[in-house]
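Below is one structure, written out as structure tokens; the observations come after it.
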Amino acid sequence: MILMNSKVGPREIIIGLAVLVVVVIIVLIKQKMDEKKGVNSEEKQAVDALVKRLVPPGEIVTPAYACWEWKTYQGRTTTTQYWYYAIGFNNSALYVAPLSFAGGDMSHSDVYCIHKDELGLINADKKSSWMELYNKQNECILSLMVVESNTKDDKYHPVNIQQPDEAKAFMEWRDRWMDEVNTANGVTVSGKIGKPAKGVKKK
């Protein structure tokens, strides 16, 4: 039998720390590069152009890139689903074009429109960037978030898009819609994802 000494000396600790520092620096540099690329990236231009092309002529909207992630648990297995959208919003309507990035190229399915007066409630936390839209039958018809910084971290995060102005405009618009819709329907939401209000469950 051969016994091996498993003690870790100062030299090994220093090497390990040095490797960790290098890895952290590489990750930070990549993140900064992706953020810089996203300021006026091809993906951002494509989303803006798509929204302008799909909304009715003369309709003025704020275009933005939106996404959503949802985890489900079954035993020890965790499944994460991802959705991507190009959206355009104004005071009366939200236009939504579901996106796909199969093969690395952006494509979209049919655009649809949600009008404010069709909604039964809007659930959101005003400190966060997400929202859930529910119809008059208390069914969740759309969940999404619009964040300032999107970087191409992996195949599940496929774009470099920086949109601080759009994210700010989205939150102001969302808060306004939420106050108007929920007041009109006499509901108070929880601000918790998937649990909008008493007696209402996410479908």
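Values in this document were obtained by computation on a predicted structure and should not be read as measured data.
With sequence neighbours excluded, the residues satisfying side chain to side chain contact (heavy atoms under 4.5 Å, CB included) with Tyr156 are Tyr82, Tyr84, Asp154. Legend: residues meeting side-chain hydrogen bond (donor to acceptor under 3.5 Å, both in side chains) with Lys71, ordered by chain and number and at least two apart, are Thr80. Remark: Ser107 engages Ser100 in a side chain to side chain contact (heavy atoms under 4.5 Å, CB included) (not counting sequence neighbours). Partners of Arg76 under the side chain to side chain contact (heavy atoms under 4.5 Å, CB included) rule, at least two apart in sequence or in another chain, do not exist in this structure. Not counting sequence neighbours, the partners of Glu69 by the side-chain hydrogen bond (donor to acceptor under 3.5 Å, both in side chains) test are His157. Judged as a side-chain hydrogen bond (donor to acceptor under 3.5 Å, both in side chains), and not counting sequence neighbours, Asp175 has no contacts. Taking Asp179 as the reference, Lys126 meet the side-chain hydrogen bond (donor to acceptor under 3.5 Å, both in side chains) condition, with sequence neighbours excluded. Residues forming a side chain to side chain contact (heavy atoms under 4.5 Å, CB included) with Thr183 (at least two apart in sequence, or on another chain): none.
Side chain of Gln163 to backbone of Val147: a donor-acceptor contact under 3.5 angstrom is found. Side chain of Asp125 to backbone of Gly191: no donor-acceptor contact under 3.5 angstrom is found. Formation of a donor-acceptor pair under 3.5 Å by the Asn150 side chain with backbone atoms of Val159 is not found in this model. The closest donor-acceptor contact from the side chain of Asn182 to the backbone of Ile122 lies under 3.5 Å.
Here the options are Ser143, Cys140, Ser190, the test is side chain to side chain contact (heavy atoms under 4.5 Å, CB included), and the partner is Asn123; only Ser190 passes.
Listed by first and then second residue, the ring-ring contact (aromatic ring centres under 6.0 Å, His included) pairs involving residues 104-133 amount to none (not counting sequence neighbours). Among residues at least two apart or in separate chains, salt bridge (Lys or Arg N to Asp or Glu O under 4.0 Å) pairs with a member in residues 92-120 are Lys116-Glu180. For residues 163-172, the salt bridge (Lys or Arg N to Asp or Glu O under 4.0 Å) pairs, not counting sequence neighbours, are Lys44-Glu166.
Within the 4.5 Å cutoff, no side-chain heavy atoms of Asn160 are placed close to those of Glu42. Considering only heavy atoms from C-beta on, Asn185 comes within 4.5 Å of Lys136 through its side chain. When side chains are defined from C-beta on, Phe170 counts as touching Leu144, because their heavy atoms get closer than 4.5 Å.
Atom CE of Met171 is separated from atom CE of Met131 by 12.0 Å, given to the nearest 0.5 angstrom.
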Give every donor-acceptor pair under 3.5 Å between a side-chain atom in residues 50-67 and any protein atom, sequence neighbours left out.
from: Glu59; atom 1: OE2; to: Asn90; atom 2: ND2; distance (Å): 2.9
from: Glu59; atom 1: OE2; to: Tyr95; atom 2: OH; distance (Å): 3.4

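Using cut-offs of 30° and 60° for the angle between ring planes, the Trp68 and Trp70 rings count as parallel.
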